[in-house]
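Right, one structure below, let's go through it.
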There are 2 protein chains.
Amino acid sequence: MKKKKLSIQIIYRKLEYSKTDMNCIETALFICYCFLENVYAESWCNMSITIKDVAKQANVSVATVSRILNNLPGYSDETQQRVKKVIKELGYQPNAVARGLINRKTKTIGVLVPNVSDLFASEVLAGIEEQAHEFGYSVMICKTNHDGKRTINYLHALYEKRVDGIIIVSEFITLDYYKAIETNNVPVVLVATQSDYPLPFIKVDDYQAAYDATTYLVKKGHSHIGMIAGTKSDAISTTPRVKGFTDALNDVGITVTNEMITYGDFSFKSGIEGMDKLLKSYPKVKAVFCASDEMAVGALSLLYKRGIRVPERISLIGYDNTATAEKAIPPLTTVAQPLYKMGKDSIQLLLNPALKVNPLYPHHIAERDTVHSYSE
Amino acid sequence: MKKKKLSIQIIYRKLEYSKTDMNCIETALFICYCFLENVYAESWCNMSITIKDVAKQANVSVATVSRILNNLPGYSDETQQRVKKVIKELGYQPNAVARGLINRKTKTIGVLVPNVSDLFASEVLAGIEEQAHEFGYSVMICKTNHDGKRTINYLHALYEKRVDGIIIVSEFITLDYYKAIETNNVPVVLVATQSDYPLPFIKVDDYQAAYDATTYLVKKGHSHIGMIAGTKSDAISTTPRVKGFTDALNDVGITVTNEMITYGDFSFKSGIEGMDKLLKSYPKVKAVFCASDEMAVGALSLLYKRGIRVPERISLIGYDNTATAEKAIPPLTTVAQPLYKMGKDSIQLLLNPALKVNPLYPHHIAERDTVHSYSE
DNA sequence: TCCGTTTGAGTAAACGTTTACTTAAACATA
DNA sequence: TATGTTTAAGTAAACGTTTACTCAAACGGA
């Protein structure tokens, strides 16, 4: 224990600095104690075992230990054995923070996602996590709640933490976001969204998928088809789907009117409301294309409550093929997106930008029991 | 561009080192180029703006800049203004890695969770993320898949990354895990699980909750009650619930036999199978207590397929009150756990271990439409 | 034998912060 | 006028790695 007189000035500074510490009161008291006892002890810092300790114990330089840890050449078998033994004995764990500082690589990637607790996002997330783990990366999640300010904050936090890449799921890229992305040159990949700014992305062809879903209904003999679309202002997930729906019907000679489309926000609740509105605005409706499984299940719920049989009276087709779809009663026919795979692949693309893949992922219709067929 | 002759030795070493690099081929080629051109350029390291640049630009020392950044005293208003202006102009972003190295705090916490894509875990996760964000922490997710080896790997990875705390959700703590937890002195909080090892936790009283759910059915006039339990070996989530179920029936004079209980794994599919088995082993069954909402929905599905009306013929009560419950048809009566709040509070407990809260969180029965009442 | 290469190391300078300690000037008090 | 305190800084040493460069010994070929 080193002894040293602490001057008033130093005590003052110490107290000021200690304010930034979480356990400020304890620290302050400890410092006061040190002052009174005229003792300056560094005993409160609990050092963990570093590469230096290993080096000392094994009688080699830190460079050698580092080389052994990183499988670089430059040591004899004997040295290696000795060092590895010491590492095990001391229970040495390398400090990834120090490593990150010098390597400028943190082996960490950040994920921005509107919501963690919905099945769409969490399925993508599961894929992301899986692939990241396989590549030895950790993933930081940031729940944006579709809040612009929050998103920008997260973006900055991720840059400060020096993540090696960022994945943005289902989020519209504003100019602000893009500016932040552009200035920090950290790779970004978009999943289930797309931007006019030049950013790599992975998503399904929403227009085509909507077109196909609608055509599917037509092929099953439907002609009075309505749509419960997503958030009206959403240029990524609503506009193309509405257009796909409209075009598909136009192409078979059906004119789409306003009464046939209602807008929600992709949620269960908005599915209930949307179905209710649709029933009023378009009473002849026999089949409904819902822009999300959640809304489809909401619709299902309302129809059940009203005693309207699905698919006998009204057919329903969803979008996403989340876990909800197969668990619905009756099981929901829906447009399937390969969410898990999209998540996995986004990591691949992020870590290997050279990899030029087709950003448009294949969709298909998962046929279950909510679409009635008149065709045979 | 500095010029310098590269010796063969150095080239050799450089090439060896570059193997550790992701883009090894490019690096190697670049080095070869340098060799051929007899040029040694450091141009490939893209430096970002550091505190030194700010200091230089503002004509102060780095210490002053640091103090300003951290709101510590020791500078005039004028200096502060000048420095802040420079910070903005240069777009300086502090390096959290360097900060973490010296502070031994990374403002990051790790979350171990069996699965990200189920509603139970993701609801807890949402709470965790929310509270962490409010406290200025980032969260790293680790999907364990209930795999012991993978979990240990994650634990080590988190320690290497020097997270400030770890939250473990729904995972049984093996001796191995505990050893890892014990040696690294990083705080840990358990959510929706519990251990014989002395670790703080937050969960619902499973025994009592199961007891209450069963009693609820009894009070509604049921006497032929079955149970679809979880994984048989699960001492945390199955044993107490089975015991609660058994005790509740015993207490009203009903003897519980093996045929009245079937075991699954909490999943939708196992709910289907469980219901099927139960129907055979205990044909008189009129009400079923399911140990998860997923299984309850599975049961619902099977009953629907068989044309068995819920709740008229068979009543169902679930467990968890995940989002599935309210979206089921009919909406599922279930035992509600405050998952989101448990997630939020786990962060509070982690960051403030002094906080001595009751680890047993309140449950209640969310009454919906799957339990028939004979009582009036 | 001489010279170039390989092997098995070591030394020390980064990486970008924070902060302990120092210092000079200004201010306050007796 | 001394003396002590406060203010507004600066200097330099950490933090725990990686790695550029150095070096001596061993080796190999002509």
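All values below come from the heavy atoms of this structure, side chains included, with hydrogens, waters and symmetry mates left out. Every chain is numbered from 1, with letters handed out A, B, ... down the list of sequences.
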Legend entry - Degree of bending in the helix from C/dT1-D/dA30 to C/dA30-D/dT1 once both end axes are built from five pairs, to 10°: 40°

Legend entry - Test item: side-chain donor near acceptor, B/Thr108 and B/Lys161, under 3.5 Å: no

Inset, instruction - Considering just the side-chain nitrogens and oxygens of B/Ser76, establish if one lies under 4.0 Å of OP1 or OP2 belonging to D/dA9. - result: yes

Legend entry - Residue met sooner reading DNA chain C from 5', once A/Ile102 and A/Glu78 are mapped to nucleotides: A/Glu78

Legend entry - Donor-acceptor pair (no angle test) under 3.5 Å: A/Arg67 side chain, C/dG8 base: no

Legend entry - Partner set under salt bridge (charged side-chain N to carboxylate O under 4.0 Å, His left out) for A/Lys344, not counting sequence neighbours: A/Glu134

Legend entry - Separation of C/dT17 P from B/Leu72 CG (nearest whole Å): 15 Å

Inset, instruction - Please check the phosphate of D/dT17 (OP1 and OP2 only) for any side-chain N or O of A/Ser66 closer than 4.0 Å. - result: no

Inset, instruction - Grab the two heavy atoms, one from B/Lys143 and one from B/Pro114, that are nearest each other, plus how far apart they are. - result: CG-O, 3.7 Å

Inset, instruction - Measure from OH on A/Tyr75 to P on D/dT19 and round the result to the nearest Å. - result: 14 Å

Legend entry - Distance, rounded to the nearest Å, where B/Leu101 contributes CG and C/dA14 contributes C1': 13 Å

Legend entry - Phosphate OP1/OP2 of D/dT18 contacted by A/Arg104 side-chain N/O (<4.0 Å): no

Legend entry - side-chain N/O A/Asn70 vs D/dT18 OP1/OP2, d < 4.0 Å: yes

Inset, instruction - Would you name the heavy atoms of A/Ile167 and A/Ser346 that are closest together and state the gap between them? - result: CD1-OG, 3.2 Å

Legend entry - Inter-residue atom distance B/Tyr159.OH - B/Thr183.OG1, 0.5 Å rounding: 7.0 Å

Inset, instruction - Starting from P on D/dT17, measure out to CD1 on A/Ile87 and report it in whole angstrom. - result: 10 Å

Legend entry - d(CD1, A/Ile68; C1', D/dT18) in whole Å: 14 Å

Inset, instruction - Return yes if a side-chain donor-acceptor contact under 3.5 Å exists between A/Thr151 and A/Glu171, otherwise no. - result: no

Inset, instruction - Could you pick out which residue, A/Asn95 or B/Val62, lies toward the 5' side of DNA chain D when each is mapped onto its nearest nucleotide? - result: B/Val62

Inset, instruction - Could you check how far CD1 of A/Ile49 sits from P of D/dG16, rounded to whole Å? - result: 11 Å

Legend entry - Short side-chain N/O contact from A/Tyr92 to OP1 or OP2 of D/dT17, under 4.0 Å: yes

Inset, instruction - Map B/Ala98 and B/Gln80 onto DNA chain D by nearest heavy atom, then report which one ends up closer to the 5' terminus. - result: B/Gln80

Inset, instruction - May I ask you to evaluate whether B/Thr64 reaches the phosphate of D/dG10, defined as a side-chain N or O under 4.0 Å from OP1 or OP2? - result: yes

Inset, instruction - Under 4.0 Å between any heavy atoms, over every strand shown, what does A/Val97 touch: base, sugar-phosphate, or nothing? Just pick one. - result: nothing

Inset, instruction - Could you state the atom-to-atom distance from CD1 of A/Ile51 to C1' of D/dT18 in whole Å? - result: 8 Å

Legend entry - Short side-chain N/O contact to D/dT19 OP1/OP2 from A/Asn103, under 4.0 Å: yes

Inset, instruction - Starting from C1' on D/dC15, measure out to CG on A/Asp53 and report it in whole angstrom. - result: 13 Å

Legend entry - With B/Tyr178 via ring-ring contact (aromatic ring centres under 6.0 Å, His included) - residues at least two apart: B/Tyr197

Inset, instruction - For A/Ile128 and A/Gly343, work out which heavy atoms get closest and say how close. - result: CG1-O, 3.5 Å

Legend entry - Short side-chain N/O contact from A/Thr50 to OP1 or OP2 of D/dC15, under 4.0 Å: no

